[in-house]
Amino acid sequence: MAETISLTLPDGAKRDYPAGTTGAEVAADISKSLSKAAIAVSVDGELTDLSRPLDRDADFAIHTIKDEAQALELIRHDCAHVMARAVQEIWPDVKVTIGPVIDNGWYYDFDREEPFTPDDLERIEKRMREIINLRDPVRTEVWPRDKAIRFYEDNNEPYKVELIEAIPGDEDLRMYWHGDWQDLCRGPHLAHTGQIPADAFKLMSVAGAYWRGDSSRPMLQRIYGVGFRSRQELKAYLTFLEEAQKRDHRRLGREMDLFHMQEEAPGMVFWHPNGWMIYRELRAYIQRRQDAAGYVEVNTPQVVDRKLWEASGHWDKYQEHMFIVEVDEEHAQEKRVNALKPMNCPCHVQVYNTGMKSYRDLPLRMAEFGSCARYEPSGALHGIMRVRGFVQDDAHIFCTEAQIESETKDFIDLLSSVYADLGFTGFKVKFADRPEVRAGEDETWDKAEAALKSATEAAGATYELNPGEGAFYGPKLEFVLTDAIGRDWQCGTLQVDFVLPERLDASYIGEDGHKHRPVMLHRAIVGSFERFIGIMIEDHAGKLPFWLAPRQVVVASIVSDANDYAENVVAALKARGIRAEADLRNEKINYKVREHSVGKVPVILAVGLKEVEEGTVSMRRLGDKGSKVLPLDTVATDLAAEALAPDLARKTG
RNA sequence: GCCGCUGUAGCUCAGUGGUAGAGCGCAUCAUUGGUAAUGAUGAGGUCGGCAGUUCAAUCCUGCCCAGCGGCACCA
């Protein structure tokens, strides 16, 4: 070890210290105020404790609470420790497990017989504040693993023992203390508990979670917390949560009268006229785009004999998740067992397999908006986002291996254009390559992965790797959208499949006059319409773009003498393809404006005696404060243009 | 599926071992008004379902169903 080490500060200045000097000592050497404000240091970009001895030349930075990323990481991390200590002080029998930092906060998993109650959370929070006020210094030591294992065995912390045993190699472990409380942790940590802002965290909820994420292992209790640097930041986050709640598609679905769900059909959507209008518009748009992109559309049965599912391999793997339909046929020897189709692909191969296919028929792009049913586990259901009955913008492209690349590129182009039309300007691409357990030769995988990669690049898309997450039958691309409040949604997909054509014996006659296997590309752009509409509702907070809005215009009369004129206005708008309705109720205009604003109607046209006389309307846009009086013709022309779906608008120019 | 919580009027929610309330919405009447709630009156409930305890259960107990928050799952 060098006697002297040289630290390069962020401003470029170099400072020399004896090896073994700690970050805290460096901070104290620079200034007294920095010494007080310091919470951690970075050594060559790596965040670490103030108390850690420095042993080499490095780029060096001292962090205070002003360094947001580092501060939040440390605060949340130490909140997890403080919470675990609070829990163990209140209930000494509780066993601790793990407690990582997550978006906006942290969680910690505990093993305790009794469930934690909301009152318990308050109690824990209070104790946490007390611990923070103690300003206990954080201390770490490096222990050999044997010693650590013995320590946790003696202290009856079996989960910690298991954690250590799962750490590969025989590296030493870092043990953590604040006060008398101990945990296994590699850090980094704050200098003392008092550096946690005591008024900027909140315990949010308790939930069950499997030990090590494995559903065959014990269910632990997970307490979630959120933590920030200041009370203001916490408050801002809580306000954000309230805003997010207001755009919940389940709530908006009810308020806008889009759909409902009920006990008799869990996970199935009852679409109301308003919601179904969105669905129809979106589906018609996708249909037009796919027609234009050279797809053919088919429709295949929903109830299909188990034999087909056995042949495709689904019966084996997904039987538990299929709706089974048994039919007693009067003269049959045994019951006929069918399944509601969970997906379209096996049926598409049946259509493909009729007649002889030639290489001249490829690529064959077969689309279907087919109703699928999957018996999803009850706990997975979530509004219309995760359902048991759904329709995808599903299609299978039968092609040769040589065509994978151009088909992929064409698909990504189509998908980008559709996403842009739907208001999602950017999307991420993930490339999921071969999983450990897979079908097919490595050589085939090489070819498929290479084709998929170069096609993705040719389409101008950058991707991140999602290693080992491909389907068992082939690599896949996942397309991920980000919504208005920053949440990611995986919607589109493209999967290369060599297995199903084999299993279901699909073939074509090649140029050489011999039989060949086609490749199948499974692909979807929006994924399920149900889920995508849910995403659109939340993304727009219910204020859908005009062409998708189920109710586009309400013409509201101000006095009953304007009722006839209001009806005429509605007729004029309808004649131009606009979804317009009249509100002639005996209510004040304030009342009507409020009701239709709450109902997210994009345009309200108020008409009173003045408008009747002048042939005008008073137009108010959703979200605007005021209104504008305009000639009816102008409004009708403008709104008719606005009502066109993006692809139709492009055609009209 | 697993852990926890919840289920009362169309919606949001109070409430009680002696069969129930508010606001909004709905209906009727009055009001004809100018851009986010006009007033009055009225109707509306097997208190999620099935058992049990009790003289008596919406309330207590058990089982089931559904929803919510997570976990696991997502062909």
Side-chain angles (χ1 to χ4, degrees), chain A residues 102 107 109 112 114-118 120 204-224 245 248 250-251 254-255 257 260-267 309 312-322 341-346 372 374-383 385-388 390 392 394 471-473 476 490 493 495 497 499-500 522 527-528 531 556-563 584-599 604-611 618-629:
Chain A
I102 53 174
Y107 67 77
D109 288 347
R112 178 183 182 228
E114 300 280 295
F116 289 111
T117 65
D120 290 341
M204 303 297 284
S205 59
V206 194
Y210 296 110
W211 170 232
R212 316 208 78 183
D214 183 341
S215 59
S216 66
R217 316 221 41 193
M219 175 70 68
L220 305 169
Q221 294 191 63
R222 174 172 299 178
I223 302 181
Y224 284 92
Q245 230 175 25
D248 188 312
R250 292 165 297 190
R251 172 181 174 149
R254 191 171 47 240
E255 287 173 0
D257 196 13
H260 87 273
M261 306 181 82
Q262 65 186 50
E263 268 195 51
E264 287 78 1
W309 307 114
S312 69
H314 292 99
W315 190 263
D316 219 28
K317 230 180 149 186
Y318 293 107
Q319 197 190 139
E320 302 281 283
H321 297 284
M322 287 202 259
K341 70 174 164 189
M343 53 182 0
N344 301 304
C345 18
C372 295
R374 295 180 184 175
Y375 189 78
E376 300 285 2
S378 56
L381 303 178
H382 179 85
M385 301 266 215
R386 187 81 187 269
V387 287
R388 288 180 175 159
F390 60 93
Q392 290 168 299
D394 193 18
F472 75 93
Y473 47 71
K476 68 182 179 189
Q490 196 215 301
T493 182
Q495 307 172 7
D497 182 359
V499 174
L500 205 58
H522 306 243
S528 108
R531 179 160 172 276
S557 58
I558 296 169
V559 292
S560 50
D561 284 346
N563 284 359
L584 310 180
R585 290 175 304 170
N586 180 12
E587 295 290 352
K588 290 190 174 175
I589 192 63
N590 287 310
Y591 183 91
K592 295 183 184 182
V593 165
R594 179 187 148 79
E595 183 171 291
H596 299 123
S597 298
V598 169
I604 299 171
L605 301 179
V607 294
L609 291 177
K610 196 175 117 212
E611 286 76 15
S618 171
M619 179 160 83
R620 179 187 170 112
R621 294 262 182 184
L622 181 58
D624 284 359
K625 283 274 184 300
S627 60
K628 255 191 216 144
V629 177

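Side chains are part of it too, since the values below use all heavy atoms of this structure and drop only hydrogens, waters and symmetry mates. This is a predicted model, so every value here is computed, not measured. We name chains A, B, ... by the order of the sequence lines, and we start the count at 1 in each one.
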Rounded to whole angstroms, how far apart are [atom1] on [X] and [atom2] on [N]?
X: A/Glu611; N: B/G34; atom1: CD; atom2: C1'; answer: 8 Å
X: A/Lys625; N: B/A36; atom1: NZ; atom2: C1'; answer: 9 Å
X: A/Glu595; N: B/C24; atom1: CD; atom2: P; answer: 14 Å
X: A/Asp248; N: B/G69; atom1: CG; atom2: C1'; answer: 12 Å
X: A/Phe116; N: B/G69; atom1: CZ; atom2: C1'; answer: 17 Å
X: A/Arg388; N: B/A75; atom1: CZ; atom2: C1'; answer: 17 Å
X: A/Glu320; N: B/A72; atom1: CD; atom2: P; answer: 20 Å

Would you indicate what [X] reaches in the nucleic acid, counting non-hydrogen atoms under 4.0 angstrom: base, sugar-phosphate, or nothing?
X: A/Gly213; answer: sugar-phosphate
X: A/Leu609; answer: base
X: A/Lys592; answer: nothing
X: A/Phe472; answer: nothing
X: A/Pro115; answer: sugar-phosphate
X: A/Ala209; answer: sugar-phosphate
X: A/Tyr473; answer: sugar-phosphate

Counting only side-chain heavy atoms from C-beta out, which of [options] sits nearest to [X]?
X: A/Val559; options: B/A75, B/G33, B/C65; value: B/G33
X: A/Pro342; options: B/G34, B/A75, B/G69; value: B/A75
X: A/Glu263; options: B/A72, B/G7, B/A36; value: B/G7
X: A/Arg585; options: B/U38, B/C26, B/C71; value: B/C26
X: A/Met219; options: B/G34, B/A75, B/G70; value: B/G70
X: A/Lys588; options: B/A75, B/G33, B/G34; value: B/G33
X: A/Ala207; options: B/G70, B/U38, B/C73; value: B/G70
X: A/Ser560; options: B/A72, B/U32, B/A36; value: B/U32

Any side-chain N or O of [X] below 4.0 angstrom from OP1/OP2 of [N]?
X: A/Tyr591; N: B/G25; result: yes
X: A/Arg250; N: B/G69; result: yes
X: A/His382; N: B/C74; result: no
X: A/Ser215; N: B/C2; result: no

Beyond-backbone contact of [X] with [Y], side-chain heavy atoms, under 4.5 angstrom:
X: A/Ser597; Y: A/Leu622; answer: yes
X: A/Thr493; Y: A/Gln392; answer: no
X: A/Met343; Y: A/His522; answer: no

So for [X] and [N], does any side-chain atom that can act as donor or acceptor lie under 3.5 Å from a complementary atom in the base?
X: A/Arg620; N: B/A36; answer: yes
X: A/Arg386; N: B/C73; answer: yes
X: A/Tyr210; N: B/G1; answer: yes
X: A/Glu114; N: B/G4; answer: no

Short side-chain to backbone donor-acceptor contact, A/Arg374 and A/His321, under 3.5 Å: no
Donor-acceptor pair, side chain of A/Arg388 and main chain of A/Glu376, under 3.5 angstrom: yes
By centroid distance (under 5.5 Å) and plane angle (under 30°), are A/Tyr318 and B/A75 in a stacked arrangement? yes
Can you tell me, in whole Å, how much space there is between the [atom1] of [N] and that of [M]?
N: B/U46; M: B/C26; atom1: C1'; value: 22 Å
N: B/C24; M: B/U6; atom1: P; value: 29 Å
N: B/U54; M: B/G18; atom1: C1'; value: 12 Å
N: B/C59; M: B/C50; atom1: P; value: 12 Å
N: B/C13; M: B/G7; atom1: C1'; value: 12 Å
N: B/G48; M: B/C68; atom1: C1'; value: 15 Å
N: B/G67; M: B/C11; atom1: P; value: 15 Å
N: B/G34; M: B/U38; atom1: P; value: 11 Å

Identify the heavy atoms of [X] and [Y] that sit nearest to each other, and give their distance.
X: A/Asn563; Y: A/Ser557; result: OD1-OG, 2.7 Å
X: A/Ala556; Y: A/Ile604; result: CB-CG2, 4.5 Å
X: A/Pro115; Y: A/Asp120; result: O-OD2, 3.8 Å

Watson-Crick or G-U wobble partner of B/G69, both distances under 3.5 Å: B/C3
Looking at A/Arg250 and A/Asp248, is there a salt bridge between them, counting it only when a charged N and a carboxylate O are closer than 4.0 Å? yes
Nearest heavy atom decides the nucleotide; on that basis, is A/Ala265 or A/Arg374 closer to the 5' end of RNA chain B? A/Ala265
Taking for each residue the nucleotide of RNA chain B with the nearest heavy atom, is it A/Ile558 or A/Glu587 whose nucleotide lies nearer the 5' end? A/Ile558
